[in-house]
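Each ligand, and each atom within it, is numbered from 1 in the order the structure gives. Remember, it's a predicted structure, so these values are computed and weren't measured experimentally.
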Amino acid sequence: MSFNSLGLSDSLLKAVGKQGYTTPSPIQEKCIPVVLQGKDVLASAQTGTGKTAGFTLPLLQILSKRQQSQQRPIRSLILTPTRELAAQILENVKQYSTFLDIRSTVIFGGVNQNPQVKALKNGVDVLIATPGRLLDLHQQGLLRLDRVEILVLDEADRMLDMGFLRDIKRILALLPSKRQNLLFSATFSKDIKQLANGFLHHPVLVEATPENTTAEKVNQKIYHVDKVKKRAIIIKLIKDGNWQQVLVFTRTKHGANNLCKKMLAQNISAAAIHGNKTQGARTKALAGFKDGAIRVLVATDIAARGLDIPLLPHVVNFELPNIPEDYVHRIGRTGRAGANGIAISLVAHDEAPYLRDIEKLLKQSLPTGVIEGFEQGPAPAIDPNASKQNNHRRKPKKKNGDGNWNRNKKSHSNNRNRNNSNRRSN
Ligand code: AMP
């Protein structure tokens, strides 16, 4: 199939051609015609599937064909969980609207609001926003949402994970009731389905990849290692393999900073991105990583969410995520657009239950390997006096009383809630 058969205007086809795209991705093939028909969409799509063009291209077409009023009210609102994703979407919207009379801008927190307010005052057709700053500017009377015709919730699962449900509901209440709604999510939890049922009207279900599967082009490998040796191992992997572009995931901001310092001490250029970094530092780190000045980007899940780094060859899970879906998101950063990628996970004894949860979600066991000289030693004896906080994984086991480390549904969601309190700031 070619882009020509999707019903897009010449201006959009020209912009797509300028990007070098020749064939629409599966999500684009399915999504574009449905959105053009004005239908609501519930789409299951991860980053890397081309979903942004999947909603942006038809959205731009609809807006450019409808009459514009002189004041240029906001006619389309794209909500995203993170600043990086918001900035990336704006970049795409600008590229695709090169040959259209469409104005777009982005607003997110963590930076001075004045330039954003100024852009809004000039009139904006497409606004990309994170929920907090959007509500903030609305409360200050600096923007209106009563003329929005198309709403997009991108990475809705992540927005809920970050605790944005209430903000989303408040934003929905500010929009006109007659509008088109598009919801994109990598996973479909009960909460997402509930949210979708609350505001989508007879949505068309669009799926890019089967739920909870990982990209086929990603070569996944698990190394069972000792926790204390992880830093030495990752440095060995990077140096021996002469890896030039590696995205490394840690579970905490503190862990990201520490690992970054260790890399720098070994003369490996590195930067960390997480919620405690200023927007300027995050943007600079990402730009350096993309253009090759920085070899290793160490990130927490939230900060890395939705990052579009074309042809990223290596992803390393320095620590496994405790939410199995995050594994799918993390390794989705590599093996994109037909390129091969390598995703390596360093798994210490206490992370074995996380691995089991991931394999259960993927419905496959992941291949394991051994790094010579770094074979895993026996599991350390469990300290009966260890604090609950440091030993939280044991709790569900005790609760279940069945000797099975896999969490049941209830303990899983409890765990999720516990984690959510940290997530918003990651
Ligand atoms: P996304 O999933 O929207 O983050 O897109 C992932 C990457 O795929 C981005 O770098 C896009 O520029 C690129 N892309 C989107 N659509 C296509 C296409 N039809 N052909 C090739 N690359 C594409």
Side-chain angles (χ1 to χ4, degrees), residues 1-8 12-33 35-36 41 43-61 76 78-98 104 106 126 128 152-159 182-187 206-211 213-218 245 247 286-287 289-291 297 299 301 303-313 315 328-341:
M1 182 178 271
S2 83
F3 275 102
N4 294 335
S5 52
L6 293 176
L8 293 170
L12 286 166
L13 290 175
K14 204 164 132 190
V16 164
K18 205 172 161 214
Q19 292 308 307
Y21 306 165
T22 50
T23 343
S25 68
I27 190 89
Q28 292 163 359
E29 242 177 62
K30 292 179 195 163
C31 206
I32 293 171
V35 179
L36 285 177
V41 166
S44 149
Q46 297 166 24
T47 299
T49 55
K51 67 182 166 74
T52 315
F55 63 76
T56 306
L57 291 170
L59 176 156
L60 290 171
Q61 170 138 328
S76 180
I78 304 174
L79 276 182
T80 78
T82 64
R83 312 159 192 183
E84 281 80 10
L85 184 58
Q88 257 166 226
I89 295 176
L90 177 73
E91 206 179 304
N92 286 338
V93 170
K94 293 260 185 228
Q95 286 162 345
Y96 304 142
S97 58
T98 310
S104 50
V106 65
V126 180
I128 301 117
V152 182
L153 287 195
D154 194 20
E155 310 220 338
D157 50 346
R158 184 55 47 142
M159 282 203 262
L182 316 174
L183 186 151
F184 285 75
S185 187
T187 52
V206 173
E207 278 179 287
T209 43
E211 206 176 329
T213 58
T214 48
E216 277 171 22
K217 294 262 179 187
V218 181
Q245 201 184 33
L247 178 61
L286 186 59
F289 187 58
K290 279 186 176 182
D291 70 22
L297 189 66
D301 285 289
R305 176 71 176 180
L307 288 186
D308 175 27
I309 303 150
L311 306 180
L312 179 61
V315 169
V328 179
H329 295 309
R330 287 179 177 189
I331 76 158
R333 251 110 290 283
T334 183
R336 290 200 193 177
N340 287 312

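- Nearest heavy-atom pair, Gln61 versus Leu36, reported as atom, atom and distance to 0.1 Å: CG-CD2, 3.7 Å.
- Within ligand 1, counting atoms from 1 as listed, the ones closer than 4.0 Å to a heavy atom of Thr52 are 1 (P), 3 (O), 4 (O).
- Counting heavy atoms from C-beta outward, Ser185 and Leu183 have side chains that approach closer than 4.5 Å.
- Residue Phe3 approaches ligand 1 through these ligand atoms, each under 4.0 Å from one of its heavy atoms: 19 (N).
- With a 4.0 Å cut-off on non-hydrogen atoms, Gln28 touches ligand 1 through its side chain and not its backbone.
- Taking every heavy atom of Gly50 and a limit of under 4.0 angstrom, the matching atoms of ligand 1 come to 1 (P), 2 (O), 3 (O), 5 (O), 15 (C).
- Considering both main-chain and side-chain atoms, Thr22 never comes within under 3.5 Å of ligand 1 through any nitrogen or oxygen pair.
- Scanning both residues, Pro81 and Asp154, for their nearest heavy atoms gives CD-O, 3.4 Å.
- Listed here is the closest heavy atom pair of Leu247 and Ala299: CD1-CB, 4.2 Å.
- Residues satisfying the ring pair (Phe, Tyr, Trp, His ring centres under 6.0 Å) criterion with Tyr96, sequence neighbours excluded, are absent altogether.
- Per-residue contacts place Thr23 under 4.0 angstrom from the following atoms of ligand 1 (heavy atoms of the residue considered): 18 (C), 19 (N), 20 (N).
- By the criterion of a heavy-atom distance under 4.0 Å, neither the backbone nor the side chain of Val16 is placed next to ligand 1.
- Under the side-chain contact (heavy atoms from CB on, under 4.5 Å) criterion, Thr98 pairs with Lys18, not counting sequence neighbours.
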